[in-house]
Participant: 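One structure, as structure tokens, below. Some questions next.
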Amino acid sequence: GFDTLVGELRRLQATQTENLGVWSLPGGEAFYANRVRNQTTLDLSAEEIHQIGLDDVARIHGVMEGIMQAVGFEGDLQDFFAFVRTDPNNFYEDSDAGRAVFLAEAEQQITAIFEVADQYFNHLPRAGLEVRRVEPWRENSTSIAFYDSPSQDGSRPGIYYANLADMKSVQKYVFTAITYHEGVPGHHFQIALAQEMAGLPLFRKFGGYGAYVEGWALYAERLAREMGFYQDPMRDFGRLQDEIWRSVRLVTDTGIHSKRWTRQQAIDYFMVNTPISEGDIITEVERYFVNPGQALSYKMGMTQILVLRDRAEAALGDQFDIRDFHDAVIGSGALPLLVLLRKDVAVVRLVALQPTLRGELESLRRASVRLHLRHVFFLPWARGPVGGPGSAPPLCLRFQRRHHHRHLAPLETRILLHLGQILEIVGHPFEHLTAQLGMGHLPATEHHGQLDLVPLLQEAARVAQLEIVIVFLDAGPELHF
């Protein structure tokens, strides 16, 4: 069977005189549009993605130039790229001792992330994470680094593998970011946590969408900077090197398959705009020819996670909690980006109607009580106009109290009793809302019922003398109770 496949590939190879994008094939434009939609899970054209890439490359160049000036380098950005490719401080010793230093540094990075992770995540996977060298017998057939998920039964931890065959090609600066990407807070926090979630179907636990999975890991590289890492400016430059690599992919992949770029045009664009070595660039570009659209997923995923975060921060203001946001992004298993963007589309604001109740409301806030309206996974039925048939995906309303607070008044306790157990809202949020209600401490699968949410919110607002305002992040009309 393999001989037959190889023979057919060789026959096809002999018919080709040059490397061209899929635009040159019958139906190539439609095929590429399909690949873009499949790999990004977004409704964006190749032209739109190409421009997103150009804009992001320009943005990152500006940040890179700031680092270049901060370290006192004289010359332009291309000179700095050449310096990074050859700087002896950017490489490990090409020996087993150098490999041992790399593994020790990676383990230190992971340990440091775990020490502060509870400040950025409410939930972490139970499975452990190990750092390993790719075994010599398969070094020549694997990528520079990758993640293996834990076993389903918990007998094997998650593993971050690094290919250390040729230490002369292992750059310290960029590998700092790669460790966060493949390990924590990247793939391990997302993939291992999904596998451990109760109630998710297997395809949500063990399947994946490249734009979501790789988008989270690329976002995690940036998150590590917020967590206090990359103190060395050159390590931060390595993070930007890893990010601009993905931004350039947006330009070159769409350039090849939509704008009819040649192989050399794509290589030249890479060389001018990144510090990646020429050999790695050639490998990258040839990959784009044989797998159209796949390279778009990483950066488009990261971009959409940042869009969602900007919306949440704008709507919540001082009440924005990065831990809750990360719950929303990685707390439901892998999702298409269009579904992810419909998560957390609304927040609920409580406003005291009487001055005497404002103190009690502040007690609730100090007790870390938050009310969120969240989209959850749904089947992609036909979408109509707002409020019309088929327009609304399922929603999830959660009233979360992290800590017991002895000053909670009976009226607030009543709100917690009623609203705190609402697990899902299904239907049309602008007309008729129904909810699946879980009672007390019992899981919703054991004790639940259906109710109309609108009267419940109206009654809660009346009894507690509160105005409950649901604010939609996607610019939908506010709901007042």
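What you see is a predicted model, and the numbers here were worked out from it, not measured in a lab. Numbers here simply count residues along the sequence, with the first being 1.
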Participant: Does a salt bridge link E278 with R85, judged by any charged N lying under 4.0 Å from a carboxylate O?
Facilitator: no
Participant: Is T41 reaching over with its side chain to a backbone N or O of L337, donor-acceptor style, under 3.5 angstrom?
Facilitator: yes
Participant: Are R246 and D242 close enough for a salt bridge, meaning some N to O gap below 4.0 Å?
Facilitator: yes
Participant: side-chain contact (heavy atoms from CB on, under 4.5 Å) between L340 and I305: does it pass, once the steps are laid out?
Facilitator: CA-CA 8 Å; L340 179 66; I305 291 172; 4.0 Å; yes
Participant: Is the backbone of P150 close enough, under 3.5 Å, to the side chain of Q195 for a donor and an acceptor to pair up by distance?
Facilitator: yes
Participant: For residues D253 and N291, report the shortest heavy-atom separation together with the two atoms involved.
Facilitator: OD2-O, 4.4 Å
Participant: Mark yes or no for whether R132, through its side chain, and Y160, through its backbone, hold a donor-acceptor pair below 3.5 Å.
Facilitator: no
Participant: Any non-hydrogen side-chain atom of M234 less than 4.5 Å from a side-chain atom of T176?
Facilitator: no
Participant: Does any non-hydrogen side-chain atom of P185 lie less than 4.5 Å from one of Y180?
Facilitator: yes
Participant: Rounded to the nearest 0.5 Å, how far apart are CG of L240 and CZ of R222?
Facilitator: 10.0 Å
Participant: Could you check whether any side-chain heavy atom of I322 comes within less than 4.5 Å of a side-chain heavy atom of R309, counting everything from C-beta outward?
Facilitator: yes
Participant: Return the OH to CG distance between Y147 and L129, rounded to the nearest 0.5 Å.
Facilitator: 6.5 Å
Participant: Tell me whether the count of non-hydrogen atoms from other residues, nucleotides or ligands lying under 6.0 Å of CD in Q152 goes above 12.
Facilitator: no
Participant: I'd like to know whether CZ of R235 has more than 12 heavy-atom contacts from other residues, nucleotides or ligands below 6.0 angstrom.
Facilitator: yes
Participant: Above 12 or not: heavy atoms from other molecules or residues under 6.0 Å from CG of N140?
Facilitator: no
Participant: Do the non-hydrogen side-chain atoms of V251 and H50 ever get within less than 4.5 Å of each other?
Facilitator: yes
Participant: Of the non-hydrogen atoms in D56 and S247, which two are nearest, and what is the gap between them?
Facilitator: OD2-OG, 2.6 Å
Participant: Show the numbers, then the answer: is there a side-chain contact (heavy atoms from CB on, under 4.5 Å) between Q51 and L250?
Facilitator: CA-CA 8 Å; Q51 189 60 51; L250 303 183; over 6 Å; no
Participant: Can you see which heavy atom on S297 is nearest to which on G210, and at what distance?
Facilitator: CB-C, 3.8 Å
Participant: Give the ring-plane orientation class for Y92 versus F102, where under 30° counts as parallel, over 60° as perpendicular and anything between as tilted.
Facilitator: perpendicular
Participant: Counting only heavy atoms from other residues, nucleotides and ligands, does the tally under 6.0 Å from CD of E48 exceed 12?
Facilitator: yes
Participant: Ring-plane angle category for F121 and F189, please: parallel below 30°, perpendicular beyond 60°, tilted otherwise.
Facilitator: perpendicular
Participant: Does any part of the side chain of H123, heavy atoms only, come nearer than 4.5 Å to the side chain of M197, both counted from C-beta?
Facilitator: no
Participant: Run L338 and R37 through side-chain contact (heavy atoms from CB on, under 4.5 Å) and show every step you take.
Facilitator: CA-CA 11 Å; L338 283 176; R37 180 66 167 78; 3.5 Å; yes
Participant: Is the side chain of T274 donor-acceptor paired with the backbone N or O of M271 at a distance under 3.5 Å, no angle test?
Facilitator: no
Participant: Using a 6.0 Å cut-off, check whether atom CZ of R133 has over 12 heavy atoms from anything other than its own residue.
Facilitator: yes
Participant: Is the shortest heavy-atom distance from the side chain of T252 to the side chain of V285 under 4.5 Å?
Facilitator: no
Participant: Check whether any side-chain heavy atom of I113 lies under 4.5 Å from a side-chain heavy atom of F229, and answer yes or no.
Facilitator: yes
Participant: Using 0.5 Å steps for rounding, measure from the CG atom of D55 to the CD1 atom of I60.
Facilitator: 11.0 Å
Participant: Is there a side-chain contact between Y212 and I330, using heavy atoms and a 4.5 Å cut-off?
Facilitator: yes
Participant: Under 6.0 Å from the CD atom of Q78, do we count more than 12 heavy atoms belonging to anything else shown?
Facilitator: yes
Participant: Any chance CZ of R126 has more than 12 other-residue heavy atoms, nucleotides or ligands included, within less than 6.0 Å?
Facilitator: no
Participant: Please name the pair of heavy atoms, one in Y161 and one in D148, separated by the smallest distance, quoted to 0.1 Å.
Facilitator: CE1-OD2, 3.5 Å
Participant: Of E243, E221, E214, which meets salt bridge (Lys or Arg N to Asp or Glu O under 4.0 Å) against K299?
Facilitator: E243
Participant: So, the side chain of N90 versus the backbone of V84: is there a donor-acceptor pair under 3.5 Å, distance only?
Facilitator: yes
Participant: Locate the shortest heavy-atom distance separating G208 from V213; write the atom from each residue and the value.
Facilitator: CA-CG2, 4.2 Å
Participant: Do the rings of F114 and H188 sit parallel, tilted or perpendicular, given the 30° and 60° boundaries?
Facilitator: perpendicular
Participant: CZ/R156 to CD/E130 distance, rounded to the nearest 0.5 angstrom?
Facilitator: 10.5 Å
Participant: Using a 3.5 Å distance criterion without hydrogens, assess whether the side chain of Y120 forms a donor-acceptor pair with backbone atoms of E226.
Facilitator: yes
Participant: Sub-3.5 Å donor-acceptor pair from the side chain of H257 to the main-chain atoms of Y288, do we have one?
Facilitator: yes
Participant: Please round to the nearest 0.5 Å and tell me the distance separating atom CD1 of I67 and atom CZ of F73.
Facilitator: 13.5 Å
Participant: Knowing that exactly one of Y230, F80, Y173 qualifies, which makes a ring pair (Phe, Tyr, Trp, His ring centres under 6.0 Å) with F237?
Facilitator: F80
Participant: Evaluate whether atom CD of E135 has more than 12 neighbouring non-hydrogen atoms of other residues, nucleotides or ligands under 6.0 angstrom away.
Facilitator: yes
Participant: If we count only N and O atoms by modelled type, under 3.5 Å, do the side chains of S258 and Y32 hold a donor and an acceptor together?
Facilitator: no
Participant: Without swapping roles, check the side chain of K259 against the backbone of T254 for a donor-acceptor pair under 3.5 Å.
Facilitator: no
Participant: Check for a donor-acceptor pair, side chain of R99 on one end and backbone N or O of L164 on the other, with a separation under 3.5 Å.
Facilitator: yes
Participant: Taking all heavy atoms of K172 and all of F91, pick out the closest pair and write down the distance.
Facilitator: CE-O, 3.3 Å
Participant: Do Y269 and Q265 meet the criterion of a side-chain donor-acceptor pair at a distance under 3.5 Å?
Facilitator: no
Participant: What distance separates M300 CE from Q39 CD, expressed to the nearest 0.5 Å?
Facilitator: 12.5 Å
Participant: One pair to check against side-chain contact (heavy atoms from CB on, under 4.5 Å): L44 and V36. What are the steps and the verdict?
Facilitator: CA-CA 8 Å; L44 293 174; V36 169; 5.5 Å; no
Participant: Can a donor-acceptor pair be found between the side chains of S95 and E93 at a distance below 3.5 Å?
Facilitator: yes
Participant: Would you call the rings of Y219 and W216 parallel, tilted or perpendicular, taking 30° and 60° as the class edges?
Facilitator: tilted
Participant: Using modelled atom types and a 3.5 Å cut-off, is there a donor and acceptor pairing between side-chain atoms of D79 and backbone atoms of D76?
Facilitator: yes
Participant: Is it the case that the side chains of H326 and N122 hold a donor-acceptor pair, with the cut-off being a distance below 3.5 Å and no angle test?
Facilitator: no
